[in-house]
Amino acid sequence: METLISPTISLNPYLPRRALSLNSQTHLLLRSTFRIRPQTGNSRTRTLPFSVCCKIGTSRDQSTENKDKSMSKKIMLSEMAPPPLAEEGGGGAGNGGAPTRRKGGAFESVKRFPRKVLTVLSNLGLAIGEMFTIAGLMALGTFIEQGEPPDFYFDKYPEDHPILGFFTWKWILTLGFDHMFSSPVFLGLLVLLATSLMACTYTTQIPIVKVARRWSFLSSSTSVLKQEFSDSLPRASVKDFGVILMGSGYEVFLKGPSLYAFKGLAGRFAPIGVHLAMLLIMVGGTLSATGSFKGSVTVPQGLNFVVGDVLGPIGFLSKPTEAFNTEVHVNRFYMDYYEGGEVSQFHTDLSLYDIDGKEVLRKTISVNDPLRFGGITIYQTDWGISALQVLKDGEGPFNLAMAPLKLNGGDTKLFGTILPINDPDSTEVKGISMLARDLQSVVLYDQEGKFVGVRRPNSKLPIEIDGKKIEILDAIGSSGLDLKTDPGVPVVYAGFGALMLTTCISFLSHSQIWALQDGTTLFIGGKTNRGKVEFSSEVNRLLDRVPEIVDDLPAKQSNSV
């Protein structure tokens, strides 16, 4: 049969006429009709639609052609009237008009601004730089003496001898480095680091967790075999494989012939927990630096003090409590000694009284064994000798105040006093000198400064010096106490505990396995974020346990979860 094709092309008269040349870049779709004339002589004709695909060339240069060669261009010629052109200035793109501007450009910029800020703050390099800067300031805070009066820094860091050629007291007092951990620079860097952690959690960690929680089934064997680990079993059932995965601790989901299983999802949540733990530590440190009280006192045995009179605020968030009205009484102070005579430990027996004078707590404290009450901690930090009780010729007792004496280096303590024996109206002060290095013994010297002897307190052995009979009754010690309140300590402890826990959890591998039943063949694929070698060995062991199908009929799958 011979077929004649005589197309009739009707072009839109409104379109401009151009010369069309065929090439391999674009296509022209022409609508027309044709008639089929059979040779049988039948005069009946049949009109059928058809499309002719042509290739047209343009006069553009080759650079534009190469740039857009991946873009398919299709020109539709229609007998309908062309659409009306946009009015000039109306934002239409036709006839050389200006392109349409998006409305609300300023609003869109404001709307995109938080996203840009989050992108900058969540940058890993920025966060690492912040942490190194904070660590450097902390090291500088241990080098520079903290909490000293300004005169101390004037003398220690003078302008005429600057450290490293520029570092003087002006840097310390201007930037607040004399109280480094509550200075605006240090607290500002902590806030910036906390903001970076929250931005990273919001932009990175939370989306990862959301993706990990989704059930994703793969519907083609090609997708399954593209995973990091892949294998296939020629005669196996996906349901049998799912049972084996459940026995190995996987969460298994079935949908028809597809299977999805995972385990170790907690490992995906762990980075968020690490960030929250670090935030807790920084919040606790900020509370400690800005909301604490601190004070020191040296109290002789038998005397007392009020807590609020000793404690002083060290931050703008420091708020006193009811416990500040507590009165502390030093019942007794005593020391333990090594065999060589050196002091090994010192103790203070304390009683706490409320505002009504009722004893609420009593405890003997020592070094590394403080007393805690109402958020206040009392530490044993120092000791001294406040007075000697003596008898002179059977008269007394007289309380002689002891003063600390400066020695030429070393940590040895020495306290001294004098018992005047001359006429009180005389201008010359002479007497018996007494020195003590601890509460065990007292060394006595006459008016000329010559050594006379040593006596132990409460030994009841008098000694005669310059015609006077002297007896040492007791050496009264004084307890050096440090008091402080620190509301950030529980928060810091909780943060470090959470940091250790979440760090261990973050080492758990998040493993995913996909399987697809195709006839009697089972395709398996999987991946993990940690321990890839161990994961491959584990999946191989699981596949070895999958039973083989013995019948020729494929296993019937059902939708189940």
Side-chain angles (χ1 to χ4, degrees), residues 296-305 327-353 359 362-367 369 371 378 380-407 411-422 424 429-447 449-481:
S296 300
V297 63
T298 301
V299 188
Q301 177 179 302
L303 299 183
N304 52 20
F305 65 93
E327 184 178 355
V328 182
H329 182 76
V330 179
N331 301 314
R332 185 189 174 204
F333 175 78
Y334 60 97
M335 294 188 291
D336 299 332
Y337 302 92
Y338 293 111
E339 293 181 357
E342 295 85 2
V343 176
S344 64
Q345 182 64 279
F346 37 98
H347 312 265
T348 305
D349 183 11
L350 300 177
S351 292
L352 275 61
Y353 297 89
E359 186 180 44
R362 181 169 183 173
K363 181 181 179 180
T364 299
I365 67 173
S366 59
V367 178
D369 185 17
L371 181 149
I378 303 177
Q380 180 75 73
T381 57
D382 201 358
W383 64 274
I385 302 176
S386 60
L388 286 178
Q389 284 187 350
V390 301
L391 290 176
K392 183 178 71 171
D393 293 334
E395 297 178 357
F398 300 101
N399 288 331
L400 304 178
M402 299 286 284
L405 304 178
K406 292 184 178 180
L407 302 178
D411 297 330
T412 303
K413 293 189 175 189
L414 185 64
F415 300 86
T417 187
I418 187 171
L419 175 63
I421 59 174
N422 60 336
V429 179
K430 291 185 178 181
I432 301 171
S433 301
M434 303 178 188
L435 299 177
R437 66 173 186 175
D438 51 41
L439 302 179
Q440 292 186 107
S441 60
V442 179
V443 183
L444 295 95
Y445 299 85
D446 62 11
Q447 298 183 62
K450 295 180 180 180
F451 172 75
V452 177
V454 179
R455 288 293 182 269
R456 294 177 64 87
N458 203 24
S459 63
K460 297 181 181 181
L461 294 175
I463 185 172
E464 188 172 343
I465 304 174
D466 296 333
K468 304 292 183 181
K469 186 180 290 187
I470 307 297
E471 182 181 346
I472 307 297
L473 296 181
D474 193 11
I476 302 174
S478 57
S479 178
L481 305 174

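Numbering starts at 1 and runs along the sequence shown. This is a predicted model, so every value here is computed, not measured.
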Q: Under a plain distance cut-off of 3.5 Å, with no hydrogens placed, do Glu359 and Ser351 share a side-chain donor-acceptor pair?
A: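 The answer is yes; a qualifying pair exists.
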
Q: Look up atom CD in Gln447 and atom CG in Leu419, then write down how far apart they are to the nearest 0.5 Å.
A: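 Gln447 atom CD to Leu419 atom CG measures 10.0 Å (nearest 0.5 Å).
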
Q: Should Lys363 and Leu350 count as side-chain neighbours, where that means a heavy-atom distance under 4.5 Å?
A: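 With C-beta onward as the side chain, the pair stays apart.
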
Q: Which is it for Tyr353 and His329 under the side-chain contact (heavy atoms from CB on, under 4.5 Å) test, yes or no, and what are the steps along the way?
A: CA-CA 8 Å; Tyr353 297 89; His329 182 76; 3.9 Å; yes

Q: Could you go through the side-chain contact (heavy atoms from CB on, under 4.5 Å) check for Gln380 and Leu481 one step at a time?
A: CA-CA 5 Å; Gln380 180 75 73; Leu481 305 174; 4.1 Å; yes

Q: Any donor and acceptor pair, going by atom type alone, linking the side chain of Arg455 with main-chain N or O of Leu461 inside 3.5 Å?
A: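 Indeed, once roles are kept as given, a pair shorter than 3.5 Å links the two residues.
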
Q: Parallel under 30°, tilted from 30 to 60°, perpendicular over 60°: which one fits the rings of Trp383 and Phe346?
A: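 The rings of Trp383 and Phe346 sit tilted, inter-plane angle from 30° to 60°.
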
Q: Which atoms form the tightest heavy-atom contact between Glu464 and Val452, and what is the distance?
A: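 Looking at all heavy atoms of both residues, the shortest contact is O-CG1, 4.3 Å.
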
Q: If you look at every heavy atom in Met402 and Ile385, which pair is closest and at what distance?
A: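 It is CB-O, 3.3 Å.
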
Q: Does any N or O in the side chain of Asp393 come within less than 3.5 Å of the main-chain N or O of Lys469, such that one atom is a donor and the other an acceptor?
A: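 Yes, because the side chain of Asp393 sits within donor-acceptor range (under 3.5 Å) of the backbone of Lys469.
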
Q: Do Ile365 and Thr348 have side-chain heavy atoms sitting under 4.5 Å apart?
A: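 Yes, side chains in contact.
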
Q: Excluding sequence neighbours, so at least two apart, what forms side chain to side chain donor-acceptor pair (under 3.5 Å) with Gln301?
A: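 In terms of side chain to side chain donor-acceptor pair (under 3.5 Å), with neighbours along the sequence ignored, Gln301 is linked to no residue.
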
Q: Of the non-hydrogen atoms in Pro457 and Gln440, which two are nearest, and what is the gap between them?
A: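 Heavy-atom minimum between the residues: CD-O, 3.1 Å.
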
Q: Between Tyr338 and Val343, what is the shortest heavy-atom contact and its length?
A: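 Taking every non-hydrogen atom into account, CE1-O, 3.7 Å.
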
Q: What is the distance from atom CG of Leu352 to atom CD1 of Ile378, rounded to the nearest 0.5 Å?
A: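 With rounding to 0.5 Å, CG (Leu352) is 5.5 Å from CD1 (Ile378).
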
Q: Any non-hydrogen side-chain atom of Asn399 less than 4.5 Å from a side-chain atom of Leu388?
A: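 Not touching, per the 4.5 Å side-chain cut-off.
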
Q: To the nearest 0.5 Å, what is the distance between OG (Ser479) and CZ (Phe333)?
A: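 If we round to the nearest 0.5 Å, Ser479:OG and Phe333:CZ are 5.5 Å apart.
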
Q: I'd like to know whether Glu471 forms a side-chain contact (heavy atoms from CB on, under 4.5 Å) with Leu473, so could you lay out the CA-CA distance, the side-chain angles of the two residues, the decisive distance to 0.1 Å, and finally the verdict.
A: CA-CA 6 Å; Glu471 182 181 346; Leu473 296 181; 3.8 Å; yes

Q: Could you check if a side-chain atom of Lys450 sits within less than 4.5 angstrom of a side-chain atom of Tyr445, using non-hydrogen atoms only?
A: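 A side-chain contact under 4.5 Å is absent here.
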
Q: Set out, in order, the CA-CA distance, both residues' side-chain angles and the distance that settles side-chain contact (heavy atoms from CB on, under 4.5 Å) for Leu435 and Leu405, then state yes or no.
A: CA-CA 9 Å; Leu435 299 177; Leu405 304 178; 3.7 Å; yes

Q: Can you see which heavy atom on Ser441 is nearest to which on Asp438, and at what distance?
A: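 So the two residues come closest at N-OD1, 3.6 Å.
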
Q: Rounded to the nearest 0.5 Å, how far apart are CZ of Arg456 and CG of Leu439?
A: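 The CZ atom of Arg456 sits 10.5 Å away from the CG atom of Leu439.
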
Q: Return yes if a side-chain donor-acceptor contact under 3.5 Å exists between Ser386 and Ser478, otherwise no.
A: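 Their side chains do not contain a donor-acceptor pair, so the 3.5 Å distance test is not met.
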
Q: Is the closest side-chain heavy-atom distance between Asn304 and Val299 below 4.5 Å?
A: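 No. Closest side-chain heavy atoms not under 4.5 Å.
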
Q: Check this for me, if you would: do Asp382 and Lys413 make a salt bridge, where the nitrogen-to-carboxylate-oxygen distance has to be below 4.0 angstrom?
A: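 Salt bridge flag = yes for Lys413 with Asp382.
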
Q: Enter the distance from Lys392:NZ to Leu400:CG here, rounded to the nearest 0.5 Å.
A: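 Lys392 NZ to Leu400 CG: 9.5 Å, rounded to 0.5 Å.
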
Q: Given 3.5 Å as the limit, does a donor-acceptor pair link the side chain of Asp466 with the main chain of Ile432, or not?
A: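 Absent.
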
Q: Spell out, as yes or no, whether a donor-acceptor pair under 3.5 Å connects the side chain of Gln345 to the backbone of Ser366.
A: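 Absent.
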
Q: Have Asp369 and His347 got a donor and an acceptor in their side chains that come within less than 3.5 Å?
A: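 On atom types as modelled, these side chains do not qualify, holding no pair under 3.5 Å.
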
Q: Nearest 0.5 angstrom please: Leu371 CG to Arg362 CZ, how far?
A: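 The distance works out to 12.0 Å.
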
Q: For Ala436 and Val442, work out which heavy atoms get closest and say how close.
A: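 Closest approach of Ala436 to Val442: CB-CG2, 4.4 Å.
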
